[in-house]
Student: 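Handing you this structure, nothing more for now.
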Amino acid sequence: MDYKNLAELLFPHITKTPEEYEAAFPQRDLPEGAKVTRLGPSPTGFIHLGNLYSAFVDERLAHQSGGTFYLRIEDTDDKRYVEGAVEIIINSLRFFGINFDEGATMEGDMGAYGDYTQSNRGPIYQCFAKGLVAEGKAYPCFLTADEINAIREEQEANKQTPGIYGKYAVSRNLTMEEIEAKLAEGIPYVIRLKSDGDMSLPEDQIRRVQVEDAIRGRLDFPANDQDTVILKATGIPTYHFAHVVDDHLMRTTHVVRGAEWLPSLPIHVELFEKLGWELPIYCHTAQLMKMDEETGNKRKLSKRHDPELSLDYYRNLGYHPAAVREYLLTILNSNFEEWRMANPDADIDEFQFTTEKMSTGGALFDLNKLNDISKDVLLKLSAAELFDFLKGWADEFKPELAHLFEDRKYLEKILDIGRHEAKPRKDHIYAQQMVENISYFFDDMFKMEDEFPAETAEDLPAILKAYLDSYDHADDQSGWFEKIRQITETMGYAVKPKDFKKNPDQFKGHVGHVSTAIRVALMGRQQSPDVWEIQQILGEERTRERISKFL
RNA sequence: GGCUCCAUGGUCAAGCGGUCAAGACACCGCCCUUUCACGGCGGUAACCCGGGUUCGAUUCCCGGUGGAGUCACCA
């Protein structure tokens, strides 16, 4: 068989040589140790938590080392390209603080290693596929879907590994004449890798491949023996081939991807070998898991079943991007939390991220933990930043809340309650929850959510009347509370809760009950920050109004 | 089923041959306190099993078991 002729027969339109591409995309001129990483999402426009998780690793690795992080659009499948997908991807990631140095952008490619959209790189893949064919390392395969199914059924019946390999790779043996004939007939075909692997050998003779994974350490598995498709009938490459060609030509140094790619690593290794290229450093990340309610077991998060996988889930609820970022980093690097405790105010980018500190097992997504982290993140924001964040969220998801933002000073004061004490309040977790928390500051959202305390039931009107009568908006906090004490005492309640606890028969209740009655009248709920502070923000008129309603 | 990965409390996790087996979240109790939140103190709770190697294994090796992933002209 004259492979050179075969290559020309198959790819007459490919005139460039692999060498030309090699020369066109030379080694990058980067400082020692600089890492080149990439994110390769499908253009469905759906960026999920897993993408974000992976993107963080890519971004940190590249930017921490003075390297390059680029965006490559992996659209080699037939799935429809969602309009504006690139924009969605870039914006989603930017929202979480991740920016690309190079790659696909809304205005087209940026960078010297493009094209960054795989569907535009057809000739490049075909050129290298042609090279492989010319060297007898790949071949055209004319098997139809039905024939492949028949082979699979036979293999399954014989309990053999399914696939096209060894003796099942019948197209390997086609003569030039047969190929020419099929071509002339217009029979569709794919290009398959001609694998050297042979699993039918005795076990100790099966070749094994070792790869040093930056996260997982030494990986060891049997060499690939599958004649994997590298070019589909359409001339478009499969992921495997596109990955190898692109990451080589784009001079990627570190390939960060999910553990679901581990099983196909031997294919990639063989491809790199056959092409005569150096292997990039692989970083196979752990998968984000979720507790399956039906089975009670951990399982990979799936976009079909798990809404919390969608980034929109967090944006809809109004989690602050910095909180999500902070949380992701705690599950990404086991020493991050420790570092954060030692450096509470440091910029998150000062943390030295390492692949060695990444865990290999799948982590369960923990909303509790996110909430806890979120409280601390939001505490560090100024009232103005909180306002802007909340407004940005409402503008996008809750336009009906626009009126909350009409009086900036007012809302800022509300959001800032109790945040500057020695032991600051941590009331804010995410936007939606914040709005619910502060709803009573707005008359149209005020609701009676809680009951008045039972202890004050009889005296309620009297208590509120006395409160209203003695109310002086100009009182300072201690002056204000002194008056509550007086009311408490004259109404037959204990001024000190301890006295009430000791002698419950002697009092109707204690100062806490009286305060709670006032709180409920004012806020419609039994729990809130300091009443005096709230009144100062509410203003005298509305304070009096709300109390009066119960008289 | 083959191959691969993984295995410390409910969750996330330190540990890398000798520890009373850290810490965080959650939970419970107490304290602080006019409620809640915050904060402080304390508590419940873990090395999957069986063999080796070793004076000594959570840690190293082997074998199970369990879980996960993957076996496409999808990525």
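Below, chain A is the first sequence line, B the second, and so on; all start at residue 1.
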Student: Please report, rounded to the nearest Å, how far the P atom of B/A68 is from the CZ atom of A/F365.
Tutor: 20 Å
Student: Between C1' on B/A75 and CD on A/Q118, what's the gap in Å once rounded to a whole number?
Tutor: 9 Å
Student: Looking for any heavy atom pair under 4.0 Å, which part of the strands does A/M341 touch: base, sugar-phosphate only, or nothing?
Tutor: sugar-phosphate
Student: For the C1' atoms, the ones on B/A22 and on B/A46, what distance do you get once it is rounded to whole angstrom?
Tutor: 13 Å
Student: Would you say the ring centers of A/Y319 and A/Y430 fall short of 6.0 Å from each other?
Tutor: yes
Student: Answer with yes or no after comparing the ring centroid distance for A/H240 and A/H243 against a 6.0 Å cut-off, counting only values under it.
Tutor: no
Student: Suppose you measure atom C1' in B/A21 against the same atom in B/A14; what distance do you get, rounded to whole Å?
Tutor: 10 Å
Student: Is A/R152 close enough to B/G1 that one of its side-chain N or O atoms is under 4.0 Å from OP1 or OP2 there?
Tutor: no
Student: B/U58 and B/C48: how far apart are their C1' atoms, nearest whole angstrom?
Tutor: 12 Å
Student: Cut-off 3.5 Å, side chains only: do A/D198 and A/S200 have a donor facing an acceptor?
Tutor: yes
Student: OP1, OP2 of B/C74 versus side-chain N and O of A/K232: anything below 4.0 Å?
Tutor: yes
Student: The side chain of A/T238 is closest to which nucleotide in this list: B/C74, B/A68, B/C36?
Tutor: B/C74
Student: Between A/H284 (NE2) and B/C3 (P), how many Å, whole number?
Tutor: 19 Å
Student: Could you state the CD1-P distance from A/I463 to B/U35, rounded to the nearest angstrom?
Tutor: 16 Å
Student: Specify the separation, in whole Å, of atom CD of A/E326 and atom P of B/C12.
Tutor: 20 Å
Student: Is A/F481 stacked on the base of B/U34 when the test is centres under 5.5 angstrom and planes under 30 degrees?
Tutor: yes
Student: When you compare the side chains of A/D530 and A/Q477, does any donor N or O come within less than 3.5 Å of an acceptor on the partner?
Tutor: yes
Student: Rounded to whole angstroms, how far apart are CZ on A/F221 and P on B/G2?
Tutor: 18 Å
Student: Ignoring the backbone of A/D77, work out which of B/A68, B/A24, B/C74 is nearest its side chain.
Tutor: B/C74
Student: Taking the ring of A/F142 and the ring of A/Y189, is the distance between their centroids below 6.0 Å?
Tutor: yes
Student: Mind checking A/K496 for me? I need base, sugar-phosphate or nothing, with any heavy atom below 4.0 Å counting as a touch.
Tutor: nothing
Student: Is B/A75 paired to anything, Watson-Crick or G-U wobble with both distances less than 3.5 Å, and if yes, which nucleotide?
Tutor: none
Student: Mind calculating the distance between CD1 (A/I331) and P (B/C12) to the nearest angstrom?
Tutor: 10 Å
Student: Let's test your reading of the model: under 3.5 Å, does the base of B/C36 pair with the side chain of A/R519 as donor and acceptor?
Tutor: no
Student: Indicate, with a heavy-atom threshold strictly under 4.0 Å, whether A/K426 touches base, sugar-phosphate, or nothing.
Tutor: sugar-phosphate
Student: Measure CD/A/E153 against P/B/A72 and give the value in whole Å, please.
Tutor: 14 Å
Student: If we ignore angles and hydrogens, is there a donor and acceptor under 3.5 Å between the side chains of A/Y327 and A/D372?
Tutor: no
